[in-house]
2 protein chains.
Amino acid sequence: MKITIADNQAVTLGAAAQKILTVPENGIGLCPVRDILDRIGDKWSMLSILHLGSVESLRFNELRKRIDGISQRMLTVTLRSLETDGLVARKVYAEVPPRVEYRLTSLGVSLLEAMIEFGNWANEHAPQIAQARAAFAAKEQA
Amino acid sequence: MKITIADNQAVTLGAAAQKILTVPENGIGLCPVRDILDRIGDKWSMLSILHLGSVESLRFNELRKRIDGISQRMLTVTLRSLETDGLVARKVYAEVPPRVEYRLTSLGVSLLEAMIEFGNWANEHAPQIAQARAAFAAKEQA
DNA sequence: CCGTATCCGCAGGGATACTG
DNA sequence: CAGTATCCCTGCGGATACGG
């Protein structure tokens, strides 16, 4: 059987996909991809990281204004979650009125880099997806 | 003011992050990242794509067996969603008993590639995250 | 074998009010 | 300013039963 270049790519990609699905012994005890996604796959985490990544640091309400539609409660919850995972650093200044600054840690920055790759994919392929949806909707009419 | 390499990186990264957050006119009418994440950020989409990407094609129940814990209903719903976005192709064979095969489209494969980058990040940094969580938990005791 | 239909529990997350 | 506390509601997704 002749192996084409396309087949070779498929095999390589398949191996990479399988590798991600395997559960290593790493102290989390879950497939890392699922684990990370459970954290940052929620409604606000990615957005928070992107906004924090676009400047050096932001105060609580500055960030709140930038993330359109987020409630005070959810910003608190989201930031606490990101802080727990070591992606965001929280610094409190002993002033009146209080001032709290958030910024990405180096770990958070490395995640941002990975996310930007992903974001680029989303931007590049958005038209194709829109087209696919339209085609699917049209086919459902029949 | 002297610009260090680190600062330069931060600026570059910040620009990239901002770019992703901007809403282009692309027929979707939303920030693409949020849009894509709303689709594949759910409980099963990513896993389905990874499993479909690790072989050429899979029948419904084959895939069901591989994705641990998924219900019949959610596999149907997930696959339909991925099909709608043009990420997965569905082929029905006119046989008895029925046979349906699913495989990634070329668009789906390109998404898989982006996801693998992300998966690698997750695998590499899983220990750091576990450590951060432990540190945070320890700090909360005090 | 490959779905769809129906029911339902529960967690994510919004709105509002209140504190240090 | 930067959070907590409380209430409540929606919708994701599991279980089960049924259909082509």
May I ask you to evaluate whether A:Y102 reaches the phosphate of D:dG3, defined as a side-chain N or O under 4.0 Å from OP1 or OP2?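 Checking D:dG3 against A:Y102, a side-chain N or O does come within under 4.0 Å of OP1 or OP2.
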Restricting to salt bridge (Lys or Arg N to Asp or Glu O under 4.0 Å), what partner residues turn up for B:R80, sequence neighbours left out?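 With neighbours one apart ignored, the set is B:E83.
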Name all residues meeting the salt bridge (Lys or Arg N to Asp or Glu O under 4.0 Å) criterion together with A:R90; count only those two or more places apart in sequence or in a different chain, and write none if there are none.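 Expected list: none.
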Residue pairs passing the ring pair (Phe, Tyr, Trp, His ring centres under 6.0 Å) test where at least one lies in residues 73-131 of chain B, sequence neighbours excluded: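 Listed by first then second residue: B:W121-B:H125.
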Residue pairs passing the ring pair (Phe, Tyr, Trp, His ring centres under 6.0 Å) test where at least one lies in residues 39-86 of chain B, sequence neighbours excluded: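 Every pair satisfying ring pair (Phe, Tyr, Trp, His ring centres under 6.0 Å) with a residue in residues 39-86 of chain B: there are none.
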Send over the distance from [X] [atom1] to [N] [atom2], rounded to a whole Å.
X: A:L79; N: D:dC1; atom1: CG; atom2: C1'; answer: 14 Å
X: B:D38; N: C:dG12; atom1: CG; atom2: P; answer: 16 Å
X: A:L58; N: D:dC1; atom1: CG; atom2: C1'; answer: 15 Å
X: B:F60; N: C:dT4; atom1: CZ; atom2: C1'; answer: 11 Å
X: B:E101; N: C:dG3; atom1: CD; atom2: C1'; answer: 16 Å
X: A:L75; N: D:dC1; atom1: CG; atom2: C1'; answer: 13 Å
X: A:I67; N: C:dG13; atom1: CD1; atom2: C1'; answer: 15 Å
X: A:D68; N: C:dG14; atom1: CG; atom2: C1'; answer: 14 Å

Which residues satisfy the side-chain hydrogen bond (donor to acceptor under 3.5 Å, both in side chains) test with A:R99, sequence neighbours excluded?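 side-chain hydrogen bond (donor to acceptor under 3.5 Å, both in side chains) list for A:R99, sorted by chain: A:E95.
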side-chain hydrogen bond (donor to acceptor under 3.5 Å, both in side chains) with A:S45: which residues, sequence neighbours excluded?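 Counting only residues at least two positions away or on another chain, A:S45 forms a side-chain hydrogen bond (donor to acceptor under 3.5 Å, both in side chains) with A:D42.
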Atom pair CG/CG of B:L104 and B:L82 - distance to nearest 0.5 Å: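 One finds 8.5 Å between CG of B:L104 and CG of B:L82.
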What's the separation between atom CD1 in B:I49 and atom CG in B:L111, rounded to the nearest 0.5 Å?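 Atom-to-atom, B:I49:CD1 and B:L111:CG are 4.5 Å apart.
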Check DNA chain C against residues 82-93 of chain A and give the residues with a non-hydrogen atom under 4.0 Å, in numerical order.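 The stretch gives none, as no residue of it lies under 4.0 Å from the strand.
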Give every pair of a protein N or O atom and an N or O atom of nucleotides 11-17 of chain D that lie under 3.5 Å apart, one pair per line with the distance.
residue : atom : partner : partner atom : Å
D:dG13  : OP1  : B:K43   : N            : 3.2
D:dG13  : N7   : B:R73   : NH2          : 2.6
D:dG14  : OP1  : B:K43   : NZ           : 3.0
D:dG14  : OP2  : B:S71   : OG           : 3.4
D:dG14  : O6   : B:R73   : NE           : 3.2

Please round to 10 degrees the angle between the axis of the first five pairs and the axis of the last five pairs in the helix from C:dC1-D:dG20 to C:dG20-D:dC1.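 End-to-end axis angle: 40°.
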Kindly state each residue pair satisfying salt bridge (charged side-chain N to carboxylate O under 4.0 Å, His left out) with at least one member in residues 46-64 of chain B, sequence neighbours excluded.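 Pairs touching residues 46-64 of chain B that pass the test: none.
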Could you work out which one of D:dG3, C:dC2, D:dA2 sits closest to the side chain of B:P98?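 Nearest to the side chain of B:P98 among the choices is C:dC2.
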Would you indicate what A:R80 reaches in the nucleic acid, counting non-hydrogen atoms under 4.0 angstrom: base, sugar-phosphate, or nothing?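 Counting heavy atoms under 4.0 Å across all strands, the contact made by A:R80 is with sugar-phosphate only.
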Quick one: list whatever passes side chain to side chain contact (heavy atoms under 4.5 Å, CB included) with A:T84, sequence neighbours left out.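 Listed in chain order: B:R133, B:F136.
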Indicate every side-chain donor-acceptor pair of residues 66-75 of chain A with a distance under 3.5 Å to a residue at least two apart or in another chain.
residue : atom : partner : partner atom : Å
A:S71   : OG   : A:M74   : N            : 3.2

